[in-house]
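To start, the structure under review is shown below, and the notes come after it.
Along the sequence shown, the residues carry numbers beginning at 1.
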Amino acid sequence: MTTGVNLSAEQDQRNQTLGLWLGLVGVVVFALTLPMTRLATGTSDAPQLSPWFVTWGRAALAGGLSIIYLLATRSPLPAPEHRQPLALSLLGNAIGYPLLLGWALRHVTASHAAVITALLPLATAAAAAWLLHQRARLGFWLFAGLGSLLVAAYSVLRAMQQGHGFGLAWADLLLVGAVLAASVGYVAGAKVTPALGAERVISWVCVMALPITVPGALLTWPEQPINTSAWLALVYVGVFSMWAGFFAWFRGLALGGALRVSQLQLLQPFVSIVAAVPLLGESLDLTTLGFALAVVATVFMGRRMAAPATSSKPPPAKQP
């Protein structure tokens, strides 16, 4: 009996270790979404693929892979009651987030965007409280407000440094819209995850989007020469950011425990900032790093208070 208990404990430990590694893989995959998207779209001075084409193209690529996966696993069609949440997740995660992010990244650096989008976990928790009627403690809302104020202060400071006056940069408003779109999409997907399974949720979202994304990609296909690096970045965000990354992340949450593994999310803004240095030639900025650290601190404290002790915490958020 003791041997059986020891073996079970050892297996649990191995699962937790594997879960942490898979979770870390997911964090790195999603963190690279920001610099890869900027590499794909280019800048306003040197544009590459249009944000419209990146949005349609990445989702269409993920949709094709999803068909293969769903057929290989003989997945049944979603029930009628699942289609509305899947459609909402489609609008938020497959269209809203990448489109708004793509336009914003033509005008701000990936490091800059990492600070704004660091609020995504808190935004998702807030969306869960609103849409799923999950009550959150007062402390959560206070930290969510503090994080939002930090992001607003960072945006105003950057605008003033660039000579745009005292106000929020419009690109930052696009990033805020991307965060809101993704958070609502995540919560909608979470509603049907218990019934469909996490991997099937993202796959069905991508397949349902194909009637929109395939024509959209064809209509916005670039007419000018595009750098090879931009095409490779599009492949990355289509295969990994939009699809395969979710497999590693969700499996890591299941094996290692959602509470423990989800804390790895706090590394994501810093991975994005560091990755932008070799990928895009961006420099490490102490102001950006400082604000990122402050925002992540509010996310950490806010998530600890996301739900009262008597209720379960909302599903952890993840950037596509």
Side-chain angles (χ1 to χ4, degrees), residues 25-42 47-73 75 78 86-106 110 113 117 178 181-182 185-186 189 196-251 272 275 279-280 318-320:
V25 169
V27 165
V28 173
V29 166
F30 290 119
L32 292 177
T33 299
L34 296 182
M36 286 297 187
T37 299
R38 182 172 170 86
L39 193 61
T41 62
Q48 291 296 313
L49 299 168
S50 76
W52 285 105
F53 178 73
V54 171
T55 298
W56 306 135
R58 82 174 210 160
L61 180 56
L65 295 172
S66 296
I67 290 177
I68 297 173
Y69 171 78
L70 293 171
L71 290 175
T73 56
S75 302
L86 287 173
L88 190 57
S89 182
L90 185 162
L91 291 174
N93 300 135
I95 298 177
Y97 176 81
L99 182 60
L100 294 171
L101 180 69
W103 280 112
L105 283 171
R106 274 202 167 179
T117 56
Y186 287 145
L196 298 179
E199 293 91 344
R200 289 183 175 85
V201 168
I202 188 61
S203 294
W204 279 119
V205 164
C206 294
V207 169
M208 289 174 60
L210 284 174
I212 302 173
T213 58
V214 171
L218 293 176
L219 289 173
T220 58
W221 193 274
E223 297 180 355
Q224 76 279 12
I226 301 296
N227 292 338
T228 301
S229 58
W231 285 112
L232 292 176
L234 174 65
V235 171
Y236 179 90
V237 296
V239 174
F240 296 100
S241 301
M242 189 70 203
W243 192 67
F246 285 94
F247 285 57
W249 177 249
F250 287 136
R251 190 60 59 196
S272 295
L279 289 173
L280 301 172
K318 203 70 200 82
Q319 295 181 10

Please round to the nearest 0.5 Å and tell me the distance separating atom [atom1] of [X] and atom [atom2] of [Y].
X: T117; Y: Y97; atom1: OG1; atom2: OH; result: 5.5 Å
X: S66; Y: M208; atom1: OG; atom2: CE; result: 12.0 Å
X: I68; Y: T73; atom1: CD1; atom2: OG1; result: 11.5 Å
X: L91; Y: L86; atom1: CG; atom2: CG; result: 11.0 Å
X: L101; Y: T37; atom1: CG; atom2: OG1; result: 5.0 Å

Residue pairs involving residues 47-57 (criterion side chain to side chain donor-acceptor pair (under 3.5 Å); sequence neighbours excluded): none
According to side chain to side chain donor-acceptor pair (under 3.5 Å), does anything in residues 200-221 pair up with another residue at least two apart or in another chain? List the pairs. S75-R200, S203-W243
Could you report the tightest heavy-atom contact between [X] and [Y], atom names first, then the distance?
X: A182; Y: N93; result: O-ND2, 3.2 Å
X: L34; Y: A113; result: CD1-C, 4.1 Å
X: G26; Y: A248; result: N-CB, 4.4 Å
X: G245; Y: V29; result: CA-CG1, 3.8 Å
X: A59; Y: A94; result: CB-O, 4.2 Å
X: S241; Y: T33; result: OG-OG1, 2.7 Å

Sorted by chain and number, sequence neighbours left out, ring pair (Phe, Tyr, Trp, His ring centres under 6.0 Å) with Y236 holds for F240
Across all chains, not counting sequence neighbours, the side chain to side chain contact (heavy atoms under 4.5 Å, CB included) partners of P222 are L49, F53, Q224, I226, W231
Please identify each residue that fulfils side chain to side chain contact (heavy atoms under 4.5 Å, CB included) with L39, with sequence neighbours left out. M36, S229, A233, L280
When V239, L234, V235 are each screened for side chain to side chain contact (heavy atoms under 4.5 Å, CB included) with V237, the one that passes is L234
I'd like to know if the side chain of R106 and the backbone of P47 have a donor-acceptor N/O pair within less than 3.5 Å. no
Residue pairs, two or more places apart or on separate chains, that pass salt bridge (charged side-chain N to carboxylate O under 4.0 Å, His left out) and touch residues 230-251: E199-R251
